[in-house]
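Here the structure is a predicted model, which means the values were calculated and not measured.
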Amino acid sequence: MVAFSAIDPVSMDVKASTTVSGVGFLLTNDSTNNTVDLTADGEVCIGVSAGESSRDADGTLETTGATVSMFPLGGVMMVASKASQTYTTGLTVYAGAGGLLTTTAGSNKKVGLYIGEGITTSSSAGDLVPIMTGASVIA
């Protein structure tokens with residue numbers, strides 16, 4: 001499966017002290033600084049990382065002045081999941097802490113609907129799962 005459905009990525013500035021460690025992480029806006037940050041519980045997701053944030057000359061992820069390519073929500077995207085999540089076809093999924101997808105509602109904002117077959121993710125975070133992001137919540 002293609003990671004992102006024919007959506008062109010956009011380059012975004014990353015909030016100082018934040019690093020994006022790979023593809024599929026949920027991003028939110030940090031409007032006071034015109035930057036993006038990894039989602040936290042209760043935050044609205046605006047896009048999904050297309051890769052890791054920029055690195056310095058030594059190959060270390062930058063923590064100041066970093067950029068990241070991001071796919072705006074819309075269509076089917078492969079999104080990084082929290083560890084040990086059980087997904088069933090059509091399940092509503094949410095933006096959780098650390099920029100990871102969760103099945104826990106609470107105060108978390110909707111990212112979309114799980115569209116794969118029934119699975120349980122591994123005991124470590126980061127498994128990519130297919131999400132139809134057209135059902136995200138913007139407020």
Side-chain angles (χ1 to χ4, degrees):
M1 173 181 259
V2 176
F4 306 97
S5 301
I7 300 170
D8 290 331
V10 294
S11 181
M12 304 295 291
D13 294 326
V14 179
K15 180 180 179 179
S17 77
T18 297
T19 58
V20 180
S21 60
V23 66
F25 283 86
L26 300 173
L27 301 172
T28 189
N29 68 316
D30 178 44
S31 60
T32 58
N33 298 306
N34 285 323
T35 58
V36 293
D37 194 7
L38 295 171
T39 59
D41 293 338
E43 291 184 330
V44 174
C45 175
I46 64 169
V48 178
S49 66
E52 60 191 21
S53 50
S54 53
R55 294 179 175 271
D56 63 19
D58 295 327
T60 304
L61 289 171
E62 294 178 315
T63 56
T64 305
T67 60
V68 68
S69 289
M70 174 191 89
F71 291 102
L73 292 183
V76 175
M77 296 188 187
M78 298 300 287
V79 180
S81 174
K82 288 178 67 175
S84 304
Q85 300 290 290
T86 299
Y87 293 95
T88 57
T89 305
L91 180 71
T92 301
V93 292
Y94 305 89
L100 297 169
L101 194 67
T102 182
T103 58
T104 304
S107 63
N108 295 328
K109 303 298 183 193
K110 292 179 187 172
V111 173
L113 302 172
Y114 175 75
I115 60 164
E117 60 186 35
I119 63 164
T120 298
T121 57
S122 67
S123 59
S124 58
D127 288 357
L128 295 175
V129 295
I131 304 300
M132 193 282 293
T133 63
S136 62
V137 171
I138 58 171

Say whether Tyr114 and Leu101 are linked into one hydrophobic cluster, either directly or through other cluster members, by side-chain heavy-atom distances under 4.5 angstrom.
yes
Sequence neighbours left out, what passes salt bridge (Lys or Arg N to Asp or Glu O under 4.0 Å) with Asp37? Give chain and number order.
Lys15
Can you tell me how far apart CG (Leu73) and OG1 (Thr133) are? Round to the nearest 0.5 Å.
5.0 Å
Under 3.5 Å donor-acceptor, Thr19 side chain and Ser21 backbone
no
Do Asp127 and Ser122 have a side chain donor and acceptor closer than 3.5 Å?
yes
Verdict with supporting geometry, Phe71 and Met77, side-chain contact (heavy atoms from CB on, under 4.5 Å)
CA-CA 9 Å; Phe71 291 102; Met77 296 188 187; 3.8 Å; yes
Does a side chain donor of either Thr86 or Thr120 reach within less than 3.5 Å of an acceptor in the other side chain?
yes
Heavy-atom closest pair, residues Thr121 and Ala83
OG1-C, 3.7 Å
Note: Ala66 and Ser54 closest approach over all heavy atoms is CA-OG, 3.3 Å
Heavy-atom side-chain contact between Ile131 and Val111 under 4.5 Å:
yes
Counting distance only, does the side-chain N/O of Asp41 pair as donor-acceptor with the main-chain N or O of Ala97 below 3.5 Å?
yes
Determine whether a donor-acceptor pair (N or O, by modelled atom type, separation under 3.5 Å) exists between the side chain of Ser49 and the backbone of Gly24.
yes
Mind checking who shares a hydrophobic cluster with Met70, ILVMFWY linked at side-chain heavy-atom distances under 4.5 Å?
Val10, Met12, Val14, Val20, Phe25, Leu27, Val36, Leu38, Ile46, Val68, Leu100
Nearest-0.5 Å distance, NZ of residue Lys109 to CG of residue Leu26
14.5 Å
Report yes if some heavy atom in the side chain of Val93 is under 4.5 Å from a heavy atom in the side chain of Leu113; otherwise report no.
no
Over all atoms of both residues, closest heavy-atom pair of Asn33 and Asp30
ND2-OD2, 2.7 Å
Thr67 and Asp13: which non-hydrogen atoms are nearest, and at how many Å?
CG2-OD1, 3.5 Å
Has Thr89 got a side-chain atom pairing as donor or acceptor with Gly116's backbone, closer than 3.5 angstrom?
yes
Euclidean distance, Gln85 CD relative to Ile119 CD1, rounded to 0.5 Å
10.5 Å
dist Glu62:CD -> Asp56:CG (nearest 0.5 Å) comes out at 6.0 Å
Once rounded to the nearest 0.5 Å, what's the spacing between atom OG of Ser107 and atom CD of Glu43?
10.0 Å
SG on Cys45 to CG on Asn29, rounded to 0.5 Å:
10.5 Å
Side-chain touch Pro130/Met78, heavy atoms, less than 4.5 angstrom
yes
